[in-house]
Amino acid sequence: MNKPCPICEAADEDVLLQTDTLRVIAVHNEANAPAFCRVIWQKHVAEMTDLPPHERNELMDMVYRVESAMRRVFAPAKINLASLGNVVPHLHWHVVARFDNDANFPAPIWAPAQRAHAMALPEDWPLQVKRLLEAV
C-alpha cells in the first residue's frame, strides 16, 4: 500500500495564489527560515522532466514571480531556490528569503543554527506577497 502524499493531501495551508496547475503557499513552520514560500505543482509528479516544456516554463515563471515579490517585500541579502523532494517526492520549489542576521546565514537553512535570528519581518508579509502575485 502506498503512503498518502502530504503535499497532495495538504490542509490548513496559507495559500497565496492558486491556479488549476499550481499553488503558492507561505510556510510558517521553518523556525530558521521565517520568510519562506513554496511553489507546488498540483499534479503528483516527482521531477521537472515529468512535465512537458510548457508546464516547466509555467512552474518556473511562478518561482521567479514569487522570488521577485519576496525581494520587494523583504529586501533580503539573498533568495535561495531549491527543488529537493527527497522526503516528499512531489514536485515543489522552495523560495527562501535569506538575511545576513538569520539563524543560519550563510549556511543552508536546514543546517544547524549558528545563532538566534535577529530578523524583524512584517507580520503581514504573506498578504504583501499575495497582493504582488495577484497584481501580475
Side-chain angles (χ1 to χ4, degrees):
M1 183 172 142
N2 289 341
K3 258 173 83 173
C5 172
I7 291 178
C8 287
E9 298 183 6
D12 299 322
E13 292 178 320
D14 187 358
V15 178
L16 306 181
L17 184 75
Q18 184 161 339
T19 70
D20 291 340
T21 55
L22 56 83
R23 68 187 183 273
V24 178
I25 64 170
V27 177
H28 299 287
N29 62 351
E30 289 285 346
N32 292 338
F36 189 150
C37 290
R38 274 194 200 107
V39 181
I40 301 166
W41 194 251
Q42 299 283 52
K43 183 177 165 191
H44 187 89
V45 298
E47 307 296 346
M48 289 293 292
T49 52
D50 291 338
L51 302 177
H54 72 280
E55 289 181 342
R56 288 194 299 259
N57 291 340
E58 178 184 357
L59 177 57
M60 290 312 301
D61 181 61
M62 185 58 68
V63 170
Y64 304 143
R65 285 177 56 195
V66 172
E67 175 185 308
S68 179
M70 291 178 74
R71 289 182 71 193
R72 286 184 59 190
V73 170
F74 299 117
K78 183 75 176 86
I79 293 282
N80 290 171
L81 302 176
S83 178
L84 305 169
N86 299 330
V87 175
V88 180
H90 182 126
L91 184 57
H92 63 284
W93 281 83
H94 304 271
V95 185
V96 185
R98 300 299 308 277
F99 305 87
D100 56 11
N101 61 349
D102 74 32
N104 300 73
F105 198 82
I109 63 166
W110 297 289
Q114 299 176 18
R115 66 189 85 67
H117 78 75
M119 302 164 351
L121 301 177
E123 284 187 30
D124 71 339
W125 74 260
L127 181 59
Q128 290 184 46
V129 171
K130 178 179 182 162
R131 286 182 179 147
L132 289 169
L133 292 175
E134 291 174 343
V136 174

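As a basis for the values below, the full set of heavy atoms in this structure was taken, side chains included, without hydrogen atoms, waters or symmetry mates.
By the rule that hydrophobic residues join a cluster once side-chain heavy atoms approach within less than 4.5 Å of another member, Val24 and Leu132 end up as members of one cluster. By the criterion of side-chain heavy atoms lying less than 4.5 angstrom apart, applied directly or through intervening Ile, Leu, Val, Met, Phe, Trp or Tyr residues, Val45 is grouped together with Val39 in one hydrophobic cluster. Cluster membership check: Val66 shares its hydrophobic cluster with Leu51, using side-chain heavy-atom separations under 4.5 Å among Ile, Leu, Val, Met, Phe, Trp and Tyr. Val96 and Phe99 are assigned to two separate hydrophobic clusters, defined by single-linkage of ILVMFWY side chains at heavy-atom distances under 4.5 Å. Connection of Ile109 to Val129 is not established within any shared hydrophobic cluster, with ILVMFWY side chains joined at heavy-atom distances below 4.5 Å, either directly or through further cluster members.
Put simply, CZ on Phe105 and CD on Gln114 are 10.0 Å apart, with the number rounded to the nearest 0.5 Å. One distance of note links CD of Glu13 with NE2 of His28; it measures 10.5 Å at 0.5 Å rounding. For the atom pair CG (Asp14) and NZ (Lys130), the distance works out to 8.0 Å, reported to the nearest 0.5 Å. A distance of 8.0 Å separates NZ in Lys43 from CG in Asp50, rounded to the nearest 0.5 Å.
Looking at residues two or more places apart in sequence or on another chain, you find no side-chain hydrogen bond (donor to acceptor under 3.5 Å, both in side chains) involving Asp100. Residues satisfying the salt bridge (charged side-chain N to carboxylate O under 4.0 Å, His left out) test with Arg38, not counting sequence neighbours, are none. Residues passing the side-chain hydrogen bond (donor to acceptor under 3.5 Å, both in side chains) test with Asp124 are Gln128, sequence neighbours excluded. Under the salt bridge (charged side-chain N to carboxylate O under 4.0 Å, His left out) criterion, Glu58 pairs with no residue at all, not counting sequence neighbours.
By the neighbour-count criterion of 12 heavy atoms within 6.0 Å, atom CG of Asp20 is sparsely surrounded, having that number or fewer from other residues, nucleotides or ligands. Within 6.0 Å of CD in Glu123 there are 12 or fewer heavy atoms belonging to other residues, nucleotides or ligands.
Smallest separation of non-hydrogen atoms from Gln42 and Thr19: NE2-O, 3.5 Å. Here the closest heavy-atom approach between residue Arg65 and residue Leu17 is recorded as NH2-CD2, 4.2 Å. In terms of heavy atoms, Pro34 sits closest to Ala31 at CD-O, 4.0 Å.
In this structure a side-chain-to-backbone donor-acceptor pair under 3.5 Å is missing from Arg23 to Ile40. With hydrogens and angles ignored, the 3.5 Å screen pairs a side-chain donor or acceptor of Asn104 with a backbone N or O of Ala111.
Side-chain contact between Ile25 and Val15 is present, with at least one heavy-atom pair separated by less than 4.5 Å. Side-chain contact between Cys37 and Trp125 is present, with at least one heavy-atom pair separated by less than 4.5 Å. His117 places none of its side-chain heavy atoms less than 4.5 Å from the side chain of Asn32.
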Would you mind writing out the side-chain donor-acceptor pairs for residues 70-77 within the sub-3.5 Å range, not counting sequence neighbours?
none

For residues 78-95, dump all side-chain donor-acceptor pairs below 3.5 Å to protein atoms at least two apart in sequence or in another chain.
unit_1: Asn80; atom_1: OD1; unit_2: Arg98; atom_2: NH1; d: 3.0
unit_1: Ser83; atom_1: OG; unit_2: His92; atom_2: O; d: 3.3
unit_1: His90; atom_1: ND1; unit_2: His44; atom_2: ND1; d: 3.0
unit_1: His90; atom_1: NE2; unit_2: Trp41; atom_2: O; d: 2.6
unit_1: His92; atom_1: ND1; unit_2: His90; atom_2: O; d: 2.5
unit_1: His92; atom_1: NE2; unit_2: His94; atom_2: NE2; d: 3.3

